[in-house]
Amino acid sequence: MEPLTKDTCRGNWGTLLLPINPDDTIDFSRLSHEIDVLIAAHVDGIYSNGTAGEFHTQTEAEFDQISQLLAEKCNVAGMPFQIGVSHSVPAIVLDRIRRTQTLKPSAYQVILPDWVAVTNQEARGFLNRISEAAHPVPLVLYNPPHAKRVLPPAGYQELVETTPGLISVKLLDGDEQWYEQMKPLADRIAVFVPGHHLATGVEKGVAAGAYSNVACVHPKAAQQWWQMMQTDINEALQVQNTIQSFFDAYILPYAKKNFSNPALDKLLAAVGAWAPVGTRLRWPYQWIPETDVADVRKGAHQHLPGWFFDAI
Ligand SMILES: N[C@@H](CC=O)C(=O)O
């Protein structure tokens with residue numbers, strides 16, 4: 001696919017969620033079906049190996065197989081796709097880029113080295129070398145709140161100035177002041193906020209899109225909602241309120257019981273039932289039992305607009 005730019009990296013992106021067999025292996029035939037459904041939902045793009053894609057549990061052989069499958073399908077369908085090459089060992093990140101460049105991803109998603117927190121200088125040095133290796137494929141810096149080093153707005157500004165290939169950041173948004181501080185950066189780079197905050201991010205003039213947990217519930221509904229943000233932001237903000245009330249009532253209680261973000265995202269996908277992903281996570285992580293799904297689905301039907309349950 002064509003490399004993305006800060007202007008073309010936009011919209012509602014669907015994550016790969018790994019279907020896991022009872023013996024803890026990845027079910028590649030279910031994964032293949034899941035990618036087909038994401039393509040059929042006409043999301044703006046598909047990416048692998050975010051937290052929801054459980055990159056932190058994969059072997060190198062599995063990483064290669066997932067990347068290959070995603071690339072084959074997306075290149076044929078003309079669907080933009082990003083490969084997540086995140087790993088806490090910098091040399092492995094470089095190696096993953098070298099092995100996947102022929103797959104022609106639209107961008108690479110990458111975290112900063114994540115065991116010993118990097119200084120500003122080390123972050124610059126890391127991204128520069130990664131960006132050189134990835135060229136002409138650009139980089140998306142994934143900097144979630146659980147990263148060892150979480151950057152303030154000024155930190156991103158500095159990295160944008162020193163890393164030519166950096167076109168986008170994927171992060172948790174903040175309060176009014178955070179949005180004010182991020183505005184100048186949003187002119188230079190595509191800022192992606194969490195899916196369930198996307199209408200706020202758009203309304204503030206900062207967000208270019210989301211790597212979306214709302215797309216985990218239903219990729220096509222999330223796409224429709226993103227389109228609504230371009231034509232009727234007030235209506236889109238109202239839809240966001242319904243999403244928020246569903247999350248508060250039915251998803252937050254699981255977060256409070258210490259289930260991880262991938263566990264929550266897989267629960268959302270099981271509720272939407274658009275692909276046979278299942279709620280199971282890889283060892284040693286705890287997943288939410290399938291037997292809980294029906295109740296949460298009832299809650300989703302009470303809170304979310306009916307078009308969240310349309311067929312894809
Ligand atoms: N934060 C997620 C997106 C979906 O919830 C990720 O891992 O990319």
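Residue numbers run from 1 in the order of the sequence given. Order of appearance sets the numbers: ligands from 1, and atoms from 1 within every ligand.
- Ligand 1 is surrounded by Y47, G50, T51, A52, Y142, K170, Y211, S212, N213, D265, each with at least one heavy atom closer than 4.0 Å.
- By the side-chain hydrogen bond (donor to acceptor under 3.5 Å, both in side chains) test, R282 pairs with E62, sequence neighbours left out.
- A donor-acceptor pair under 3.5 Å is absent between the side-chain atoms of E203 and the main chain of L237, judged by distance alone.
- Defined by atom type and a distance below 3.5 Å, a donor-acceptor pair is present between the side-chain atoms of N143 and Y156.
- Between H301 and F309, the ring planes are parallel. Angles under 30° get that label, and only those over 60° would be called perpendicular.
- Aromatic ring orientation, W13 versus F192: perpendicular (interplanar angle above 60°, classes split at 30° and 60°).
- Annotation: cation-pi geometry satisfied between K148 and W115 (NZ/CZ under 6.0 angstrom from ring centroid, within 45° of ring axis).
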